[in-house]
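Have a look at the structure below before the remarks.
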Amino acid sequence: MRIVPIYCIKDDFLLAKDIFDFDGRILLKQGNRLNKKTLDSIKLLGINCLNVVDQNSYIELENIIKPELKEKSLNLIKSTFGNLFSNKKSTKKSNDFQKILDLSEELIDDILNRNDILINLVDIKTLDNYTYEHSVNVAMLSLVIGLKLGLNREDLKQLCVGALLHDVGKMFIPTEILNKPSKLSQEEFKVIRSHPIRGYDYLKNIENIPLKSRLIVIEHHEKVNGCGYPLYKKNKEINILSKIVAIADVYDALTSNRPYRKPLSPNEALEFILGNAGSHFDFYLVKIFKCTIVPYPNGSLVKLNTGEIAIVKDNFNNFPLRPNIEIIKTSNNFNLGKKINLRENLSLVINEVAYNIL
Ligand SMILES: [Fe+2]
């Protein structure tokens, strides 16, 4: 199985994973052969990538959390944000937020049950579900970084709740500004940049939201060099949990399809994070993040600097850009089938993810 952008899918590809609609109902079951008609209706849903099976895709990509738990998380975030949208006054004790606290415990248990988790976030993302999916992805990414950092259970819980709710203030921003496909005016920028304070103000009246979770909401756009917003906090003034969410937030946002730009590939997004370590992001946390993320998951196809196409066979902690690979296409068939350890062959570099083999 491998993930392929919809425009690269050929008629005879088999669907490797069920496709769900906005409400979690199955639209197309795995095993179906894709044709132009089904592809057209999938495109209408705003889905831009699919999990497919072809002759080069025999490796199973692992999910970070159980698909049913991801579905449950998405639906809970969707209903909580939806309720909030229709009734923007916060009550002191909120049932919706208690459910988010309980969900956080479940997500932590699910992630704790895995041994050596490497994040493969090459996942299907839709435009419609962006806010909810983004919240759940940021929570999962943050939890994995938090685990690697050795946080205790209480901090992991506060981290997860804060990550799930980090953009709750966006519910107060008009959607025409949030999803504007063209350049924002100064005034519109100001409105968008008010979401951390709007979210914090909203949550401070709810007594079951932990303090550090609220701090995440107000601090997730701060930068360690003091050039973030809204409070221009610097390095030590920013809570460590907020610094974790800041990395997860930017990584997931960059790899997502937005109305105003195309998604970056996971390796490009990783390079952005690495390039801003110590200025935007906490240097040590970026180091941990680098060992957590897998830009080229096992089973994905990559194009090398030699022009050859290879399939990724094995990934290793600490070396996200240098997995073991096997050449599956060359111009002269010379290296065909050759297995290469990229940590030992430093002249070879992965240039990009390859979707078309021909
Ligand atoms: Fe935000």
Side-chain angles (χ1 to χ4, degrees), residues 3 17 20 24 51 60-78 80 97-125 129 132-167 209-210 212-213 216-217 220 239-253 255-256 266 269-270 273 282 284-295 297-299 315-318 320:
I3 291 209
K17 276 190 177 179
F20 296 91
N51 285 294
E60 182 75 11
L61 293 178
E62 233 194 291
N63 294 305
I64 310 176
I65 54 167
K66 292 191 210 99
E68 57 272 29
L69 184 54
K70 179 154 185 197
E71 218 47 52
K72 181 179 169 182
S73 313
L74 277 176
N75 285 329
L76 181 60
I77 292 292
K78 200 171 120 188
T80 308
F97 290 107
Q98 186 52 48
K99 284 188 195 152
I100 286 188
L101 289 163
D102 297 341
L103 172 72
S104 298
E105 299 278 8
E106 244 184 285
L107 286 169
I108 294 168
D109 283 338
D110 200 60
I111 285 183
L112 280 176
N113 276 333
R114 287 156 193 265
N115 299 330
D116 191 17
I117 191 158
L118 282 176
I119 289 200
N120 153 29
L121 270 186
V122 185
D123 205 351
I124 289 173
K125 297 175 179 186
N129 253 346
Y132 318 117
E133 217 155 10
H134 176 65
S135 306
V136 176
N137 284 341
V138 171
M140 292 187 302
L141 249 177
S142 301
L143 275 181
V144 179
I145 301 172
L147 267 177
K148 286 249 158 96
L149 188 65
L151 294 181
N152 63 35
R153 175 117 195 169
E154 183 49 36
D155 275 343
L156 285 175
K157 187 174 169 184
Q158 302 211 19
L159 175 66
C160 188
V161 173
L164 285 169
L165 296 174
H166 73 281
D167 268 346
I209 300 295
K212 286 182 197 163
S213 307
I216 290 170
V217 175
H220 70 276
N239 187 277
I240 189 160
L241 304 189
S242 312
K243 289 175 177 171
I244 294 174
V245 172
I247 297 174
D249 180 29
V250 169
Y251 181 81
D252 189 68
T255 52
S256 300
L270 176 62
I273 304 273
D282 182 280
Y284 180 66
L285 289 176
V286 169
K287 229 171 121 182
I288 293 182
F289 177 73
K290 192 182 136 198
C291 308
T292 306
I293 202 87
V294 182
N298 296 352
N315 267 282
F316 301 91
N317 277 335
N318 298 322

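Values reported hereafter were calculated over all heavy atoms of this structure, with side chains retained and with hydrogens, waters and symmetry mates removed.
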| Is a side-chain N or O of Q158 found less than 3.5 angstrom from the main chain of K212, in a donor-acceptor match? | yes

| field | Minimum heavy-atom distance between H166 and D249, given as atom pair plus value | value | NE2-OD1, 3.5 Å

| remark: CD1 (I273) and CG (L285) are apart, to the nearest 0.5 Å, by 11.5 Å

| query | What pairs with N152 under side-chain contact (heavy atoms from CB on, under 4.5 Å), at least two apart in sequence or on another chain? | reply | E154, D155

| field | Which residues share a side-chain contact (heavy atoms from CB on, under 4.5 Å) with A139, sequence neighbours left out | value | C160, A163, L164

| message | To the nearest 0.5 Å, what is the distance between CD1 on I247 and CG on D282? | response | 6.5 Å

| message | Rounded to the nearest 0.5 Å, what separates atom CD1 in I145 from atom NZ in K148? | response | 9.5 Å

| query | Do F289 and L270 come close enough that some side-chain heavy atom pair is under 4.5 Å? | reply | yes

| said: Which residue is it: L241, V144, I240? I am looking for the one with a side-chain contact (heavy atoms from CB on, under 4.5 Å) to L149. | reply: I240

| query | At their closest point, which heavy atom of H220 faces which heavy atom of A246, and how far apart are they? | reply | O-CB, 3.5 Å

| What are the two closest heavy atoms between G146 and I244, and how far apart are they? | CA-CD1, 4.3 Å

| field | Heavy-atom pair with the smallest gap, counting every atom of S73 and L107 | value | OG-CD2, 3.8 Å

| said: If you compare all heavy atoms of D252 against all heavy atoms of H134, which two are closest, and at what distance to 0.1 Å? | reply: OD2-ND1, 2.7 Å

| Pairs flagged by ring pair (Phe, Tyr, Trp, His ring centres under 6.0 Å) wherever residues 140-164 is involved - sequence neighbours left out | none

| field | Side-chain (S135) to main-chain (L165) donor-acceptor, under 3.5 angstrom | value | no

| field | Nearest atoms (heavy-atom pairs only) where L156 meets I108 | value | C-CD1, 3.7 Å

| query | Do I100 and I77 touch side chain to side chain, with heavy atoms closer than 4.5 Å? | reply | yes

| query | Just wondering, do N75 and K72 contact through their side chains at under 4.5 Å, heavy atoms? | reply | no

| task | Nearest 0.5 Å please: distance from the CG atom of L69 over to the CE atom of M140. | result | 9.0 Å

